[in-house]
Colleague: 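One structure is given below, represented as C-alpha cells, and several questions about it will come after.
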Amino acid sequence: MSTRLLSAPFTRSELQIQSIMLTVVLGLAPGTLWGIFIFGWPALFIFLVTVSSALAFEAGCLALAEKRVLATLTDGSALLTGWLIALTLPPWAPWWIGVLGSFLGIVVGKQVFGGLGQNLFNPAMLARVALLVSFPLEMTVWANPSPPFSASAPGLLESWAITFGGVLPPDGTTGATLLGWVKTEFSQGRLLDESLPSGGYGFFKSFIGWTGGSLGETSALLFALGGGWLLKKQIITWHIPLAMLGTVFLLASVFTLVDGERYPGPLFHLSSGALMLGAFFIATDYVTSPNSRLGQLIFGAGCGAIVYVIRTWGSYPEGVAFAVLLMNSMTPVIDHYVRPRIYGRDRKGKPLELPEGRE
Amino acid sequence: MFDIHALWAGKPFDLHALWNGSQPKIRGGVHPEPRKEATADRPIDTAFPLPPMLYLALQQHVGKPAEPVVNVGDRVLKGQLLAVSQGMVSAPIHAPTSGTITDIMDYPSAHPSALPTPTLLLEPDGEERWIDLPEKADPFSLSPEEISIRVGAAGIVGLGGAAFPSAVKLNLGRRTKIQTLLINGGECEPYLTCDDRLMRERARAIVDGILIMLHGLGCRQAIVGIEDNKLEAYTNMHAAAAELSDGKVEVVAVPSFYPMGWDKQLIGYLTAKEVPADGRATDVGVLMHNVGTAYAVQQAIRHGKPLISRIVTVSGGAVGAPRNIDAPLGTPLASLLAHCDYRPEETVRYIMGGPMMGEALPHPNVPLVKGACGILALTQEEISATDAKSCIRCSRCVTACPVGLLPLEMMARIRAGQLESSLKFGLKDCISCGSCSYVCPSEIPLVHYFKYANGELLTRDQANHKAEQTKRLADEKLARLERQKQEAAAAAAQRKAAAKKPKITEAAA
C-alpha cells in the first residue's frame, strides 16, 4: 500500500514545470542563434558566461537555503532566467556584466524573495534595469552586425579580449540602435525623413534583425515566430502579447497620423527593439503577471502603453524593461481587483437573485 | 473568454448575454485522457455469478441509514424489503437475491477509511426466487404523488454517484413546478462507460423512465445531454425518444470535456440558466437526474422491481478483462475485480467512482453500493504522482476551474494558515471537481488543500458552537443559582415574617 495522498484526482496532465521552461527556451533558440550569428564570438562568450553563472548562483542559493539543489536546478527556471538576462545584454559586453546580471537576476531578483514563484518582479528585467542604471557606458555599446568571417568580424583571440580582456571594441564596429539613432537625431532637430535614410536603417532590415542592439532585440521576426510557437503549444495565451503589441500599434498609428514627421509608424515600433521578445517571452512570465484573463489584458495594455510613452517622450530610447517592471508592481493590485466571476454570484460575490416568482 | 463551443453548437452568440451570464457557455474544464475504449464497446455483462455472500450496508445513500426489518436467520426472497428508510431523507434496502440473513454486523464500508458500518449479511440460496411482483399498471394512470411514493419505496437514489434519494428530488420538483427535466448522460469521468452502455443497450427503457418521471413531476419537457464522443448512445437515445416521447424528450449532443457532467455546467449549457449561489437547480425551474436513475425508475414503476442491482464499470490498467457488469448490490468489489481478471500485485490504487472525483479505497474487500459507478484498479503508471513543487502562478488552475475560483490564491492562503482569508476567494463554492489539481504542472494537490480547509473550518465552527453552548449553560447555571439564592432569601424572609405574625396575633390576643 502506498502512503501517498489519498485524495482525488488520481490522474494528472503530463505537463510539468520542466517541460514548460524547456519549451520557452526552445522558442527563444532561433532568435538567440541569430543574435550569436550576427554578433560573432563575443556574443557566444557573454551568452555562455551569463547562463552558466545564473545556474551557479541558483545552485548556491538553493544550497544555502537547504533546498533540494539538483531537483530544483533541473526544473529549467534558472536556465531560462539566465538565458533571458543574456538576451538583454549588449553582445560585446565584458564578462563581469554577465556575471553581475545573473547575480542581480537570480539572487536579488528571485531567491531573496523565496525562490521560484515568489518574486514580485521579472528577474531578467530587474537585472537589466539595474545594470543599465549602474553601468550606462558598458550597457550601451552596440556592435554592428558582423557575422563570423565578414570583414568587420573580430577573430577568436580578439573576441576573447573583448569579452574577457577589457578591450574596447575597435572603432567603426559599433553604432547606435535604430531607436537610439532616431531619438538622438530628433534631439538635434532632424526629423524622420532625414534621420532614417541617413542612418541606413529600414523596416525590412529591422524586421529580420540585421541591426545593432542587445543580443535578443534584433530579430523581431524570429521572436515573433518563437512566440507563435509558444501560443500553439499552449504555453502562453494570446492575452498579454496581443494587448501589448496591439496597444503599441494603436498608439503609434494615432500619433503617426497626427504628425508623421515626428512620430514613427506602428511597423517601425513593432519591428524594433525588444518589443517582440518582451511581448511573447517576458511580459508573459507566469510569476509576475496577473492570473485572470481580464487582468492579463490590462497588464499587457499597460506594458504596451508604457513602452510607447518611454520610447516617444522618455529619455531612454527603449522602454520594454521599465514597462514590464512597472506593470509587475501593478500585478498584485490587478489581481486584487480583477477576479473571475464565481458561478452563481455577481461580480461582487453576492449570490445571484432568484428569478421572478420563485423563492 | 471567446466561446468556440457556443458557435460550434449553433447557439446564438450574444455579447451582452455572455457578459451577464445567460449565454450558454462552457465554464473552465480540462481534457483528461478518456481511457473509455477498454469497456465502451463491450456489452454489459449480465451473467455475473452470485457471490457466496452479499454485504448490504444500511447506509448507501445521502441521509439517515435504513432500519432493518428482518432478523438473523430469516429466509428472504429476491426484492423483499430488508430495511426501511428513516426520516425524510433516506432510502430502503431490498434483497438482491433470495437466501438467508446470516448476520447483522459492522462490516468495512465503501469509504476511503473502510471503517465498519452496520451491514446485513445475505447468503444467497441460488434459487433467485422473486417476491410476488405487483400487478402491472399503466404508470400514466397513477397520480404524480404515487410515482414519487413508489420511487421512494423502491430504494432509488441518484445513480450517477451522488446517491441522493430520488423521491425527495421528485417531490421538490413537483412542488416547485419545474419547467424542464434534465437528464445527465454526460459521463465525463475517464474510464467510466456504464451510462454509455446503458444508453446504447436500453435506450427505450430509459426514455420510458424519463416519461414516467415527467408524469411524476407534472412537467412537459425533458432534455437529455449526451457527450458528443458517445455517438452510438446518442443515436439510440435519439431514435428511442423520437419513437416514444411524442416530442417531449429532446436528446442533445454536448461537447466532451471534464466536468461536462457537473449538473450546473449541463444546466448552463442546455438551458442557459445559472443557479444562484445559495439556491438549488429547482430555483431556476430545472431538475436533473442521471440516465441510470431514469432506468431504475422505469424498472420500479413498470415492473415493480426495486433497486437491487446496478451497472458498474470495472476497469483500470491492472484489470485484464475490463467491462461493465450488471451486479447485485452488496457484492464484494474484490469478486467483481476477480471476475474481470485483475492483477492485485500490479494495483497501487483502488478507486470507487472515476479517477477525477472518486474515492480511494484501502482494499477491495468492501461491498458494492448504490452510488458506485466504477471500480478501478490502477497501476503505478496510470497515477504517476510525484512530489509537489513550487507554484509558478501559471494560472492554468484559474482557466480550468469551472466555478471561476482562483485555486492558486486559495492554496497560498491555506498554506499560510489563513483559512478565513481563503473564504473570500470562494472556498465554499469549490465543487472539488479536481480540474485544478489535474492541470497543475507543479502537481500541487490543490483539491486536497481545499478539502482540508473546509474540514478544518467546520471543526472550528463546531468547536466555537460548543464553546458558546458551554458558556450559555454556565451563564444559565449562574443565573439559576442566583435566582435560587434570591428565592431562598425571599422564602426565609417570608418564613420569618410568618413566624413573627402569630406572635403578634398572640400578643394581640
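Everything numeric here is computed off the predicted structure, so don't read it as measured data. Order of the sequence lines sets the chain letters (A, B, ...), proteins ahead of strands, with each chain counted from 1. Keep in mind that the numbers below use all heavy atoms, side chains included, and drop hydrogens, waters and symmetry copies.
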Colleague: Which label fits F257(B) and H31(B): parallel for a plane angle under 30°, tilted from 30 to 60°, or perpendicular past 60°?
Modeller: tilted

Colleague: Sort out for me which of I20(A), I342(A), L15(A) touches chain B most, counting heavy-atom pairs under 4.5 Å.
Modeller: I342(A)

Colleague: Need one label for I392(B): side chain, backbone, both or neither, based on atoms under 4.5 Å from any heavy atom in chain A.
Modeller: both

Colleague: Thinking salt bridges, do K110(A) and E58(A) make one under a 4.0 Å N-O criterion?
Modeller: yes

Colleague: Taking C440(B), C433(B), S395(B) one by one, which has the highest count of heavy-atom pairs under 4.5 Å against chain A?
Modeller: S395(B)

Colleague: Contact part of K264(B) toward chain A, heavy-atom cut-off under 4.5 Å: side chain, backbone, both or neither?
Modeller: both

Colleague: Where does C391(B) contact chain A at under 4.5 Å (heavy atoms): side chain, backbone, both or neither?
Modeller: backbone

Colleague: Please confirm whether R339(A) makes a cation-pi placement over F425(B), using NZ or CZ under 6.0 Å from the six-membered ring centre and within 45° of the ring normal.
Modeller: yes

Colleague: Which atoms of E353(A) are under 4.5 Å from chain B, going by heavy atoms: the side chain, the backbone, both sets, or neither?
Modeller: backbone

Colleague: Between R345(A) and A277(B) (side chain of the first, backbone of the second, donor and acceptor by atom type, cut-off under 3.5 Å), is there such a pair?
Modeller: no

Colleague: Could you tell me whether a side-chain N or O of D283(B) sits under 3.5 Å from a main-chain N or O of R280(B), the two making a donor and an acceptor?
Modeller: yes

Colleague: With distance as the sole test, does R413(B) use its side chain to make a donor-acceptor pair with the main-chain N or O of E409(B) at under 3.5 Å?
Modeller: yes

Colleague: Using a cut-off of under 4.5 Å for heavy-atom pairs, which of V398(B), I431(B), D429(B) has the most such pairs with chain A?
Modeller: D429(B)

Colleague: Just give me the residue among I236(A), I235(A), T288(A) that pairs up with chain B most often, heavy atom to heavy atom, under 4.5 Å.
Modeller: I235(A)

Colleague: Can you tell me which of L446(B), L376(B), L408(B), L378(B) forms the most heavy-atom pairs within a distance under 4.5 Å of chain A?
Modeller: L408(B)

Colleague: In terms of heavy-atom proximity below 4.5 Å to chain B, should Q118(A) be classed as side chain, backbone, both, or neither?
Modeller: neither

Colleague: Check the pair D335(A), R393(B) against salt bridge (charged side-chain N to carboxylate O under 4.0 Å, His left out), reporting the backbone distance first and the verdict last.
Modeller: CA-CA 12 Å; D335(A) 274 345; R393(B) 290 175 46 86; 3.0 Å; yes

Colleague: Mind ranking S77(A), S19(A), G117(A) by heavy-atom pairs under 4.5 Å with chain B and telling me who comes out on top?
Modeller: G117(A)

Colleague: If you count heavy-atom pairs under 4.5 Å between each of L406(B), V30(B), L405(B), T347(B) and chain A, which one has the most?
Modeller: L406(B)

Colleague: Examine whether an atom of M357(B) lies under 4.5 Å from a heavy atom of chain A, and if so say whether it belongs to the side chain, the backbone or both; otherwise answer neither.
Modeller: backbone

Colleague: Can we call the ring centroids of Y269(B) and W262(B) under 6.0 Å apart?
Modeller: no

Colleague: Please assess R341(A) against E274(B) for the test salt bridge (charged side-chain N to carboxylate O under 4.0 Å, His left out), listing each intermediate value before the final yes or no.
Modeller: CA-CA 12 Å; R341(A) 188 178 67 82; E274(B) 184 165 337; 2.9 Å; yes

